[in-house]
Engineer: 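Here's a structure for you.
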Amino acid sequence: MFIHWGLYSIPAGEWKGKPVDGIGEWVMNHAKIPVAEYEQLAKQFDPVKFNADEWVSIAKNAGMKYIVITAKHHDGFAMYGSKVTPYNVVDATPFHRDPMKELEAACQKAGLKLAFYYSQSQDWHEPDAIGNDWDFPDESKKDFSRYFEQKAKPQVKELLTNYGPLASIWFDTPRSISKAQSEELLTMVHQYQPTALVSGRVGNNAGDYETVGDNQVAVGPMKRDWEAISTTNDTWGYKKNDNNWKPASVLIRQMAHAAGHNGNYLLNVGPTAEGVIPPPAVEALNEMGQWMKVNSEAIYGTSGGPFNYDLSWGVITAKPGKLYLHVFDWPQGELLLYGLKNKVKKAYLLADGKNLPFEQSISKTPENYSLSVLVGDPVLVRKLHSLQKSIIVESNRRVRLLSEQNKEKQSAEINKKIDESVKQYQEVREKIRSSSTAPDKNDSVVVLDIAGVPEVDPSLIQQPSGAVDLDAYLGNIHKADSDSSLRFDSRGVAEHWTNKEDWLDWSFKLPQPGVFDVVLITSGQKNNHNWEGGHKIGIEVAGQKLAGTVNSDGEENDPVKPYWNYWNYVTSKIGQVTIPKAGEYQLSLKPESIVSDKKLGLTLVEVKLVPAHEIN
Ligand code: FHN
């Protein structure tokens, strides 16, 4: 559990009766509150309802294993008893207690680990630190080293020597801290607390693990141990008017998504000035806890799933001999997984241990390993299969006929047949749908006992849903010259694509042919909210060429995998292609022109082939 708690929970997103935009703990900065005024808040800080055992038990019941709490946030106020400055919770408030000491004891009792957040570079209380340009506008007078030596380092040492054992020091917003200073902090943590880790945000690539962006749960390929951090509403520090609470289903799926990509999940709460964790957050955490009581085996001690691309129905976590399929979108009748080569010995629902019938098959052209786990009525599922097959056969006939004479009459007959089969198909599917509800509305875990270590087909394969997702980072980059700025960011998104001579291509397997809409998903850059469109691009796939413009046809955002806070993806439909035969294909994306008036250019998340018909 991440906890943002400090003086900012008193104004709670308002200053002098007016709402202040942005996240709650930034109120001092956003409202440009002078130090002398903000300091007065300390006199009011008296969290009479604070109970460390209660907080720790909320975290423990949710299944959490560690707590990271703000010992000092950017406002500079120490939430622990510091001897370095009287601007701390013990000396400056009527509370006079050290909540960190109480949390330390409560964590030890409950068997949870404790870690401290420490803002090493921004300190709006200090003239020499980074961030306060309203009280201390004259940059030339600032001496960051003086602040670093006189406040940051001694306070970090206090935290490391007066509390513990600590799990981590969670540094944040390094800004312009030097490499030597980041390394000094790292060494200090390791010296005083050899088992404590240092967050990547200590700066200059010095940390022990990587923390991806705030609320950035979607990630590309991660090279190091990493942690996703998420808010329960839209703020970190308490904000009384922020009621945009994420439902437990989103939080549970985010946690599974992080685990499925080999990461930890750190979920934040912002307690009130009285010391109360907001009830809607507690409710969501309770629901997570209930899910964990049944399914924690699929999270604790797991590693990420064996595929390097995302699956259409959910995500996979793994342990030796086991794959845990976290099914977010419960399928109609059968759960399909392509590309798994291992022999499956057993499939069962984690919640009740009930065996599920399954079948493994390998098809040729393209070679495709397919696993079907039956989760619905077998008779109906068989019927659905045969209808599906006949629709596909007839659709392929229709495609082949396009070049023949007499095609109109024959097409009409085929169309009629297809229409009838589609109607029957829909009826059967509706029956299955109404009889197969998800065992768990948040995340139903199907366990596969497998022989050997997971071995998967490394090729990118169409998803059983029929969609082909060509994530940018799975493509091959072709650069016109080695200086081109095009690159993949840490999310796996292709950005700084300003040279129109650069292009990408992908290879993929397509077991289910058909008609597909070609859709481009683009975004803003990692650290730039803006979006730039108007680029003209050419797509070539299966011998067909499409030309189109990257315009915004719509926006989408998966709340489980927001790519960067709440910024949306932009969708652009480029055209339609017909791929009549199953097989292996290439798709290339070559720009004809790239707009870069905003100096962003093309920022590509993925190219999607979306089945144009319900049954392709
Ligand atoms: O500026 C802070 C913010 O207030 C909050 O603490 C988050 C949590 O990750 N970190 C910084 C922004 O990334």
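Just follow the structure's listing: the first ligand is 1, and inside any ligand the first atom is 1.
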Engineer: Looking only at the aromatic ring of each residue, does the gap between the centers of W124 and Y38 stay below 6.0 angstrom?
Structural biologist: no

Engineer: Kindly confirm or rule out an N or O of R201 lying under 3.5 angstrom from an N or O of ligand 1.
Structural biologist: yes

Engineer: What pairs with L266 under side chain to side chain contact (heavy atoms under 4.5 Å, CB included), at least two apart in sequence or on another chain?
Structural biologist: F2, Y66, V68, W170, E227, I229

Engineer: Just jot down the ligand 1 atoms closer than 4.0 angstrom to any heavy atom of E25, in number order.
Structural biologist: 3 (C), 4 (O), 5 (C)

Engineer: Tell me: protein heavy atom nearest atom 6 (O) of ligand 1, and distance?
Structural biologist: H4 NE2, 2.7 Å

Engineer: Report, in ascending order of atom number, the atoms of ligand 1 lying under 4.0 Å from any heavy atom of W26.
Structural biologist: 1 (O), 2 (C), 3 (C), 4 (O)

Engineer: Which is closest to atom 11 (C) of ligand 1 in terms of heavy atoms, D172, T235, N215?
Structural biologist: D172

Engineer: Can you confirm if the aromatic rings of Y118 and F116 lie within a centre distance of less than 6.0 Å?
Structural biologist: no

Engineer: I need the contact type for Q122 against ligand 1. Using non-hydrogen atoms and a strict under-4.0 Å cut-off, is it side chain, backbone, both or neither?
Structural biologist: neither

Engineer: Going by atom types only, do T231 and K246 share a side-chain donor-acceptor pair under 3.5 Å?
Structural biologist: yes

Engineer: For E556 and K608, what are the C-alpha separation, side-chain angles and deciding distance, and is it a salt bridge (charged side-chain N to carboxylate O under 4.0 Å, His left out)?
Structural biologist: CA-CA 13 Å; E556 59 176 40; K608 265 186 180 179; 3.8 Å; yes

Engineer: Atom CE of M1 and atom CE of M64: how far apart are they, to the nearest 0.5 Å?
Structural biologist: 6.0 Å

Engineer: Identify, by atom number and element, the atoms of ligand 1 in contact range of H73, meaning under 4.0 Å from any of its heavy atoms.
Structural biologist: 3 (C), 4 (O), 5 (C), 6 (O)

Engineer: Side chain, backbone, both or neither: which applies to Y8 and ligand 1 if a contact is any heavy-atom pair less than 4.0 Å apart?
Structural biologist: neither

Engineer: Which residue and atom name correspond to the protein heavy atom nearest atom 9 (O) of ligand 1, and how close is it?
Structural biologist: D214 OD1, 2.8 Å

Engineer: Centres of the F50 and W5 rings: under 6.0 Å?
Structural biologist: yes

Engineer: For ligand 1, which atoms sit closer than 4.0 Å to a heavy atom of W170?
Structural biologist: 9 (O)

Engineer: On the six-membered ring of Y300, is K65 placed so that its NZ or CZ lies under 6.0 angstrom from the centre and within 45° of the ring axis?
Structural biologist: yes

Engineer: Just jot down the ligand 1 atoms closer than 4.0 angstrom to any heavy atom of Y117, in number order.
Structural biologist: 6 (O)

Engineer: Answer side chain, backbone, both or neither: which part of I229 comes under 4.0 Å from ligand 1, heavy atoms only.
Structural biologist: side chain

Engineer: Are the ring centres of H125 and F77 closer than 6.0 Å?
Structural biologist: no

Engineer: Check this for me - ligand 1, H74, N or O atoms closer than 3.5 angstrom, yes or no?
Structural biologist: yes

